[in-house]
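This report concerns only the one structure given below.
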Amino acid sequence: MNKLKQFILMLVMMFAVFLPLSNLTVKADQADTSLEDIKKSGKLVVGLSADYPPYEFTAKVDGKTEYVGIDIEIAKKLAKDLGVKLEIKNMSFDSLLVALETNKVDAIISAMNPTPERKESVDFSDIYYSGKQYMVINKKDASKYKSLADFKGQTVGAQNGSLQYNLVKDQMPGTTVKGLSKLNNLVLALQSGKVSGIAMEEPTAKAYVANNNQLLAFDPGFSVSSDQTGSAIAFRKNSPALVAAANKTLAQIKKQNLLDTKYVPEAAKYMETTTKNNTMMSYWTYFAKGIEYTLIITVTAVFFGFILGTLLSLMRLSENKLLHSIAVCYIEFIRGTPLMVQVMFVYFGVGAVIQSLPALVAGIIATALNSAAYIAEVIRSGIESIPAGQTEAARSLGMTQKDTYRYVVIPQALKNIWPALGNEFVTLIKESSIVSIIGVGDLMYQTQLVQSATYKGVMPLFIAMVIYFIMTFSLSKLLNLFERKLNHG
């Protein structure tokens with residue numbers, strides 16, 4: 001019965017915490033202040049997935065990493081016409097609509113197709129670029145695959161949340177669709193035989209093929225309706241003023257023929273330059289920046305996670321039923337949900353209430369909160385491993401409970417739990433890679449940028465593996481040194 005009461009209390013507390021965040025939708029009858037808000041803030045925040053050449057990708061410009069491509073130029077033009085600065089947020093394509101709906105971005109300019117399903121939740125500008133839907137295959141399979149029917153019984157890849165994913169599902173019966181968030185990972189899957197082909201938009205398919213002589217692109221005969229084809233800018237629902245401003249900019253681009261005369265040729269130029277200089281050594285700054293962010297996240301999360309974990313362990317050991325229940329609820333809930341979900345909830349859920357919450361801070365908070373639950377259990381097990389006689393002896397000598405814990409219990413418990421605690425710190429370095437999903441520039445995020453920029457899949461991953469190994473191995477040796485000192489003491 002006591003366990004049942006604790007479980008009910010845990011559910012009540014969880015609902016009490018998370019239900020207020022569910023009331024985040026904007027009423028349809030509210031006045032449209034979308035354009036006014038952007039001009040007031042002085043910046044236009046655009047969300048995109050920079051792995052989609054020639055629309056958006058990364059390149060080294062004067063030694064610095066820059067976002068380039070058709071969509072970037074359109075974003076720059078729109079920001080200039082609005083008289084504000086441009087801020088780019090790069091994240092997974094399937095996270096973009098969530099970011100838009102939770103006010104993390106003002107617009108999505110990422111070759112997004114204005115499908116009827118998407119129009120129900122967001123507003124779209126006029127279409128600014130159209131292309132056919134292609135299939136990319138390994139060149140050695142050219143005689144094997146020539147139409148959609150040839151892929152029957154095979155696995156076909158497509159980007160999660162994309163038009164191509166739905167086309168494969170609807171128009172290629174007998175095939176299995178494999179969805180991934182990044183195109184470079186799909187290309188890697190293609191070259192390693194995990195998929196037989198990848199559905200892409202024509203310009204992107206040709207871009208990958210032009211930079212990889214082992215691939216081939218062709219038109220397999222997808223049937224696409226007029227309301228699905230083409231790329232448009234997405235805005236939050238009920239933003240007519242902002243949509244009108246964007247359409248005005250797109251009309252100027254069309255009138256001046258900037259796409260054909262400037263944006264597409266410039267994107268092709270960047271792609272050609274990248275192809276000539278795509279050695280791994282030329283991208284060492286990407287990896288260095290990734291290491292910096294990974295260490296910042298890990299060190300900060302370890303610091304706050306340890307403090308919170310210690311507090312939670314003491315609360316769980318407390319005879320106060322309220323404190324004990326709170327600690328149990330927190331630990332069980334955090335350990336029972338994936339870190340990826342927690343990261344996205346903190347950034348998109350809590351971030352919808354705290355609009356100024358940066359992705360890096362959200363990643364650190366989520367990682368620290370997650371780590372605290374595991375550290376709490378490690379510390380609790382260490383404290384409970386100390387014989388009760390130690391505590392009784394200390395109290396009989398006149399020591400308070402606080403002093404007993406501080407001078408007798410904790411020092412001995414720390415010695416016992418150090419290996420497990422060290423393992424949690426090492427694990428945290430690797431688990432921090434999950435924050436790349438919300439656009440934090442950690443090592444995994446930078447590796448994906450290198451993959452997109454170099455059109456190479458395996459080598460950037462291998463380098464990332466080596467770097468992660470060096471960091472974790474070095475930390476393990478350092479922790480072992482402290483462990484030997486504790487044992488010696």
Quiz item: Looking only at heavy atoms, what is the nearest atom pair of Ala373 and Ile331, with distance?
Solution: O-CG2, 4.0 Å
Quiz item: Do side-chain atoms of Asp106 reach the backbone of Leu44 as a donor and acceptor pair under 3.5 angstrom?
Solution: no
Practice problem: Would you check if there is a donor-acceptor pair between the side chains of Thr261 and Asn257 at a distance under 3.5 Å? | Solution: no
Quiz item: Less than 4.5 Å apart, any side-chain heavy atom of Leu216 and any of Val209?
Solution: no
With a 3.5 Å cut-off and sequence neighbours excluded, list the donor-acceptor pairs that the side chains of residues 430-440 form with protein atoms.
| residue | atom | partner | partner atom | Å |
| --- | --- | --- | --- | --- |
| Ser432 | OG | Ile429 | O | 2.7 |
| Ser433 | OG | Lys430 | O | 2.8 |
| Ser436 | OG | Ser433 | O | 2.9 |

Exercise. Would you check if there is a donor-acceptor pair between the side chains of Glu66 and Thr58 at a distance under 3.5 Å?
Key: no
Quiz item: Do Glu201 and Ser231 touch side chain to side chain, with heavy atoms closer than 4.5 Å?
Solution: yes
Self-check item: Spatial distance of atom OH (Tyr165) from atom CG (Asp170) [nearest 0.5 Å]
Solution: 10.5 Å
Self-check item: Polar contact flag, side-chain donor to acceptor under 3.5 angstrom, Asn370-Arg335
Solution: no
Quiz prompt | Rounded distance (nearest 0.5 Å) linking atom CD1 of Ile365 with atom CD1 of Ile297 | solution = 12.0 Å
Quiz item: Got a donor-acceptor contact below 3.5 angstrom from the Lys104 side chain to the Gly47 backbone?
Solution: no
Quiz item: Leu96 versus Met91: any side-chain heavy-atom pair under 4.5 Å?
Solution: yes
Quiz prompt | Where Val243 and Ser125 come nearest, the two heavy atoms and their spacing | solution = CG1-CA, 4.2 Å
Quiz item: Between Ala464 and Leu443, which heavy-atom pair has the shortest distance, and what is it?
Solution: O-CD2, 4.0 Å
Quiz item: Is a donor on one side and an acceptor on the other found under 3.5 Å between the side chain of Thr300 and the backbone of Ile296?
Solution: yes
Quiz item: At what distance, to the nearest 0.5 angstrom, does OH of Tyr134 lie from CE of Met200?
Solution: 13.5 Å
Quiz item: Going by atom types alone, do Gln159 and Gln164 pair a side-chain donor with an acceptor below 3.5 Å?
Solution: no
Practice problem: Look at the aromatic rings of Tyr283 and Tyr286 and report parallel, tilted or perpendicular, splitting at 30° and 60°. | Solution: perpendicular
Quiz item: Can Gln451 and Leu461 be said to form a side chain to side chain contact (heavy atoms under 4.5 Å, CB included), step by step?
Solution: CA-CA 8 Å; Gln451 286 180 311; Leu461 287 176; 3.5 Å; yes
Practice problem: Could you give me the CA-CA distance, side-chain angles and deciding distance for Asp71 and Tyr128, then say whether side chain to side chain donor-acceptor pair (under 3.5 Å) is met? | Solution: CA-CA 10 Å; Asp71 288 343; Tyr128 60 84; 2.6 Å; yes
Practice problem: Please confirm whether the backbone N or O of Lys132 pairs with a side-chain atom of Glu202, one donor and one acceptor, at under 3.5 Å? | Solution: yes
Exercise. Count the heavy atoms belonging to other residues, nucleotides or ligands that lie under 6.0 Å from CD of Glu36, then report whether that count exceeds 12.
Key: no
Exercise. Determine the minimum heavy-atom distance between Ile334 and Leu369, stating which atoms define it.
Key: CG2-O, 3.9 Å
Quiz item: How long is the gap from CD on Glu101 to CG on Leu97, to the nearest 0.5 Å?
Solution: 6.0 Å
Quiz item: Does a side-chain heavy-atom distance below 4.5 Å link Asp150 with Lys152?
Solution: no
Quiz item: Are Val302 and Leu428 side-chain neighbours, meaning at least one heavy-atom pair lies under 4.5 Å?
Solution: yes
Quiz item: Would you say the side-chain atoms of Asp32 and Ser34 include a donor-acceptor pair closer than 3.5 Å?
Solution: yes
Exercise. Evaluate side chain to side chain contact (heavy atoms under 4.5 Å, CB included) for Ile108 paired with Phe93, printing each intermediate quantity in order.
Key: CA-CA 10 Å; Ile108 299 173; Phe93 186 81; 5.8 Å; no
Quiz item: At what distance, to the nearest 0.5 angstrom, does CG of Leu360 lie from OH of Tyr347?
Solution: 11.0 Å
Practice problem: Working to the nearest 0.5 Å, report the span between CD1 of Ile291 and OG1 of Thr298. | Solution: 11.5 Å
Quiz item: Under 6.0 Å from the NZ atom of Lys289, do we count more than 12 heavy atoms belonging to anything else shown?
Solution: no
Quiz item: Knowing that exactly one of Thr102, Asn103, Asp123 qualifies, which makes a side chain to side chain donor-acceptor pair (under 3.5 Å) with Arg236?
Solution: Asn103
Quiz item: Between Thr204 (side chain) and Pro53 (backbone), is there a donor-acceptor pair under 3.5 Å?
Solution: yes
Practice problem: Report the residue from Tyr263, Tyr55, Tyr52 that forms a ring-ring contact (aromatic ring centres under 6.0 Å, His included) with Tyr129. | Solution: Tyr55
Practice problem: Indicate the atoms forming the closest heavy-atom contact of Phe57 with Gly69, along with that distance. | Solution: CE2-CA, 4.0 Å
Quiz item: Any side-chain heavy-atom pair from Glu73 and Glu266 closer than 4.5 angstrom?
Solution: yes
Practice problem: Check the side chains of Gln342 and Thr337 for a donor-acceptor pair under 3.5 angstrom, ignoring hydrogens and angles. | Solution: yes
Quiz item: So do the side chains of Leu48 and Ile88 get within less than 4.5 Å of each other, counting heavy atoms only?
Solution: yes
Self-check item: Sub-4.5 Å side-chain heavy-atom contact between Leu357 and Val346
Solution: yes
Practice problem: Start with the C-alpha distance between Asn113 and Thr115, add both sets of side-chain angles, then the distance that settles side chain to side chain donor-acceptor pair (under 3.5 Å), and finish with yes or no. | Solution: CA-CA 6 Å; Asn113 304 110; Thr115 62; over 6 Å; no
Exercise. Could you tell me whether the side chain of Ser371 and the main chain of Thr367 form a donor-acceptor pair under 3.5 Å?
Key: no
Quiz item: Do Asp219 side-chain atoms and Gly221 backbone N/O form a donor-acceptor pair below 3.5 Å?
Solution: yes
Quiz prompt | Heavy-atom closest pair, residues Leu215 and Val187 | solution = CD1-CG1, 4.0 Å
Self-check item: Ionic contact status for Lys254 with Asp126, cut-off 4.0 Å
Solution: no
Quiz item: In this structure, are over 12 heavy atoms from other groups packed under 6.0 Å from Phe287 atom CZ?
Solution: yes
For residues 189-196, which side-chain N or O atoms pair as donor and acceptor with protein atoms under 3.5 Å away, sequence neighbours left out?
| residue | atom | partner | partner atom | Å |
| --- | --- | --- | --- | --- |
| Gln191 | NE2 | Gln214 | OE1 | 3.1 |
| Ser192 | OG | Leu188 | O | 2.9 |
| Ser192 | OG | Ala189 | O | 3.2 |
| Ser196 | OG | Tyr145 | OH | 3.4 |
| Ser196 | OG | Gln154 | OE1 | 2.9 |

Practice problem: Answer with yes or no whether the side chains of Asn90 and Tyr445 bring together a donor and an acceptor at under 3.5 Å. | Solution: yes
Exercise. Assess whether atom CZ of Phe304 is packed by more than 12 heavy atoms of other residues, nucleotides or ligands within 6.0 Å.
Key: no
Exercise. Give a yes or no on whether the backbone of Met471 and the side-chain of Ser474 come within a donor-acceptor separation of less than 3.5 Å.
Key: no
For residues 79-86, tabulate all N or O donor-acceptor pairs below 3.5 Å that involve a side-chain atom, not counting sequence neighbours.
| residue | atom | partner | partner atom | Å |
| --- | --- | --- | --- | --- |
| Asp81 | OD1 | Lys77 | NZ | 3.4 |
| Asp81 | OD2 | Lys77 | NZ | 3.0 |
| Asp81 | OD2 | Thr249 | OG1 | 2.8 |

Quiz item: Within a radius of less than 6.0 Å around NZ of Lys169, do more than 12 heavy atoms belonging to other residues, nucleotides or ligands occur?
Solution: no
Quiz item: Under 3.5 Å, is there a donor-acceptor pair between the side chain of Ser41 and the main chain of Lys43?
Solution: yes
